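For clarity, every value in this text was computed on a predicted model and none was experimentally measured.
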Amino acid sequence: MSLEKNDTYKVWQPLALSIVLAIGMLFGYKMNEKSEASLISFSDNEAKTVGQVEELIRFIELRYVDSVDREDLIANAMDAVLSDLDPHTVYITPSQIGAVNDEMEGNFRGVGVEIYYIDDTVNVISTVENGPADLAGVKAFDKLISINDSLVAGQGLKFSSIRSMLKGDVGDKIEVRVLDREGISKTVNISIDNIPVSSVEGGVMIDDQTGYIKINRFGSNTYREFMDYVQVLSEKDSMQNIIIDLRDNPGGYLPQATNILSQLFDTKGNLLVYTQGKNDKKLEYKSTGKTFFPIKGISVLIDENSASGSEILAGAIQDWDRGVVVGRRSFGKGLVQEQYALSNGGALRLTVARYYTPTGRSIQRNYDNMDAYYTDYENRYYSGELFSADSIISADSAIYNTMNLSRPMYGGGGITPDIFIPVDSMKFQPLYREVIGELPQYVFRKLSMIDDVESSNIMSYSDSIFSSYIDRKLDLNNELNLEAMYNAIKDEINASLIKYIQGEAEVYKYNLPQDEFVKASLDYFYNIKDLQIMDQQPTALRN
């Protein structure tokens, strides 16, 4: 299937991919154990060149006709220097470094609330269990009226301004007045603290044999979090098969991915991935053979936003014929970064090596044409690749063979799945995006009007909210064609209700049985079982 470009239709790119590209795909690097001081030294001529950059900025600050921001000048200079390198070598400004490091370390400073901004008022969706807000007595559906004696409800303040008032240094205390769903006002004191942000979620059984775990990124605690879920699913629920969801996972720390992989191979010495660069010797990561829980079938879910560590994990599983890879061709980031602190408080995220799958496949997409690199998602859409495996074009004409079954695979440009799952074309329609985007908040608003919410009444709430939403949309525009979206609207309403009333874990139990990726995985576990049966054609040509 292929599509032609035209001026009347602009491809909608998922927010996850936009964010990933905007920060230069910062995730996917080794933990740096080298001393920055021992790495950098300058000859006299080189020192003079470095001094010229500083001299230039000083002249601009002192003599330029208009005022300038020094940090902006430095950032622009850094970006210019790095622009001729690869797309993932980036400069992180001092103002960005805290947020970037916090995300990789799996925490942020705050009060631990998930919030909506409705009618100029902050509404609490949920609180982090045992977090500062939770311990202070803040509940879901509470409204924030004032923060530290500053009225914030109904004042037309920017949402970003209110969010900044809920942050600070660890140990700082803020006084918050809230209005609960019964209309009772109360004042609570909340201490700012480090809020853990899990990189692994899901952890549910889909049936009596198959567990599902979603990995959002490979942060510093991912292996431990993953194994915590595996332990519960194995010991409590007797899990035999596992579905590892790496969709929209941009990668992260390499050792976290290889540690997880090592738990999926019960033999010692299996090559999982290796890295090599001009100044970095070949470094191999191998399985330890020390697995804690028996796992039979494995399915790895990937899509066009799965990158770096996600591709390492999927590539090793595929190369060793250890399980099945389901979805769409991955992002194609096979470059390894190390982070070096700079004297101004910023950091350099520098590409030091490439990584290769066990069979020697390089996953990295070609970046000779940077414009094409950054518009890759759009190119996949117009080529038809998102809708048909027949449209996948391999960047590497060489064919590699898997380690055990000698199944043919292509290298370069990401991991091509064993089982292809197309994008639902309805999701590209502007009306669909509008509807699905506004439904969670609409459901929350409706639910907040119910005095005594009962978990057993979810379906009755669903029917009422569905009818009111459809009527509202048609009142606004009676020419809308919503019929094709009825099932999607109903599912989104149900998922939102389940989240607000029963919690996030129950949402997985509702959504997963309807997920085409999951259905294909279960079909493999129970019906196909043998990878060789699927392998009548090269991987890149298989539907």
Side-chain angles (χ1 to χ4, degrees), residues 1 3 9-18 114 116 118 125 201-202 204 206 212 214 216 243 245 247-248 301-306 326-328 377 380-381 384-388 419-447 457-523:
M1 175 181 180
L3 300 171
Y9 187 81
K10 183 176 182 180
V11 176
W12 172 66
Q13 299 189 17
L15 178 61
L17 182 62
S18 301
E114 184 181 0
Y116 277 142
I118 303 175
I125 303 172
E201 57 187 43
V204 298
I206 297 174
Y212 166 95
K214 167 74 174 172
N216 291 317
I243 297 175
D245 191 347
R247 288 174 291 183
D248 296 319
L301 312 186
I302 62 171
D303 63 11
E304 54 281 349
N305 295 324
S306 304
V326 178
R328 295 183 291 276
Y377 184 83
R380 295 190 195 198
Y381 173 88
E385 179 183 330
L386 298 179
F387 308 96
S388 171
I419 300 176
F420 178 82
I421 305 295
V423 170
D424 183 351
S425 59
M426 183 171 66
K427 295 181 179 180
F428 288 92
Q429 298 178 20
L431 179 59
Y432 175 89
R433 303 197 303 274
E434 174 190 324
V435 166
I436 298 303
E438 68 186 15
L439 271 173
Q441 192 173 116
Y442 182 84
V443 172
F444 182 88
R445 186 192 293 263
K446 286 292 184 182
L447 208 56
N457 287 339
I458 285 181
M459 288 304 107
S460 64
Y461 299 147
S462 174
D463 292 339
S464 173
I465 293 173
F466 177 82
S467 297
S468 67
Y469 179 77
I470 296 297
D471 291 343
R472 170 181 169 273
K473 292 297 286 187
L474 294 181
D475 284 343
L476 293 173
N477 185 348
N478 58 19
E479 295 182 359
L480 289 177
N481 181 14
L482 294 174
E483 187 173 354
M485 300 182 189
Y486 279 0
N487 289 338
I489 292 172
K490 190 75 170 179
D491 285 341
E492 187 63 35
I493 289 174
N494 289 343
S496 296
L497 283 169
I498 292 169
K499 174 183 176 179
Y500 301 142
I501 298 174
Q502 297 180 336
E504 195 76 53
E506 296 301 315
V507 178
Y508 284 105
K509 294 180 181 179
Y510 175 79
N511 282 334
L512 291 176
Q514 309 171 74
D515 189 323
E516 294 301 325
F517 289 73
V518 172
K519 289 180 182 178
S521 301
L522 295 176
D523 187 45

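The two residues M485 and Y432 have their closest heavy-atom pair at CE-N, 3.5 Å. Of all heavy-atom pairs between L386 and F428, the closest is CD1-CZ, 4.1 Å. Across Y212 and R247, no two heavy atoms sit closer than the pair OH-NH2, 4.2 Å. The two residues I493 and F466 have their closest heavy-atom pair at CD1-CA, 3.6 Å. Contact record, Y508 with P513: O-CD, 4.2 Å, taken as the closest heavy-atom pair. Residues L497 and I458 come closest through the heavy atom pair CD1-O, 3.6 Å.
Judged purely by distance below 3.5 Å, without hydrogens or angles, the side chains of D303 and S306 pair a donor atom with an acceptor atom.
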Original post:
Given the rule in the salt bridge (Lys or Arg N to Asp or Glu O under 4.0 Å) test, do R328 and E304 qualify, once you have shown the distances and angles that lead to the verdict?
Top reply: CA-CA 6 Å; R328 295 183 291 276; E304 54 281 349; 2.8 Å; yes
Original post:
Hey, mind stepping through E114 and K499 against salt bridge (Lys or Arg N to Asp or Glu O under 4.0 Å) and telling me if it holds?
Top reply: CA-CA 12 Å; E114 184 181 0; K499 174 183 176 179; 3.0 Å; yes
**OP:** Go through the steps to decide whether M459 and N494 satisfy the test side-chain contact (heavy atoms from CB on, under 4.5 Å), and finish with yes or no.
**Re:** CA-CA 8 Å; M459 288 304 107; N494 289 343; 4.0 Å; yes
**OP:** Show your working on side-chain hydrogen bond (donor to acceptor under 3.5 Å, both in side chains) between Y377 and N305 and close with a plain yes or no.
**Re:** CA-CA 9 Å; Y377 184 83; N305 295 324; over 6 Å; no
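The structure places CD1 of I470 at 9.5 Å from NZ of K490, a figure rounded to the nearest 0.5 Å. Note that NZ of K509 is 11.5 Å distant from CD1 of I206, once rounded to the nearest 0.5 Å. Distance CD1/I489 to CD1/I465: 13.0 Å, rounded to 0.5 Å. A distance of 8.5 Å separates CD1 in I421 from CG in D515, rounded to the nearest 0.5 Å.
Within 6.0 Å of CG in D475 there are more than 12 heavy atoms belonging to other residues, nucleotides or ligands.
The closest side-chain heavy-atom distance from L431 to L482 is below 4.5 Å. Between F517 and I243 there is no side-chain heavy-atom pair separated by less than 4.5 Å.
For the side chain to side chain contact (heavy atoms under 4.5 Å, CB included) criterion with D245, the lone passing option out of N216, L301, I302 is L301.
Aromatic ring centres of Y461 and Y500: separated by at least 6.0 Å.
The closest donor-acceptor contact from the side chain of Q429 to the backbone of S425 lies at 3.5 Å or more, if one exists at all.
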Pairs of donor and acceptor atoms involving the side chains of residues 434-442, under 3.5 Å and at least two apart or interchain, shall be tabulated with distances.
unit_1 : atom_1 : unit_2 : atom_2 : d
E434   : OE2    : K473   : NZ     : 2.5
E438   : OE2    : Y469   : OH     : 2.4
E438   : OE2    : K473   : NZ     : 3.1
Y442   : OH     : S468   : OG     : 3.0
Y442   : OH     : Y469   : N      : 3.4

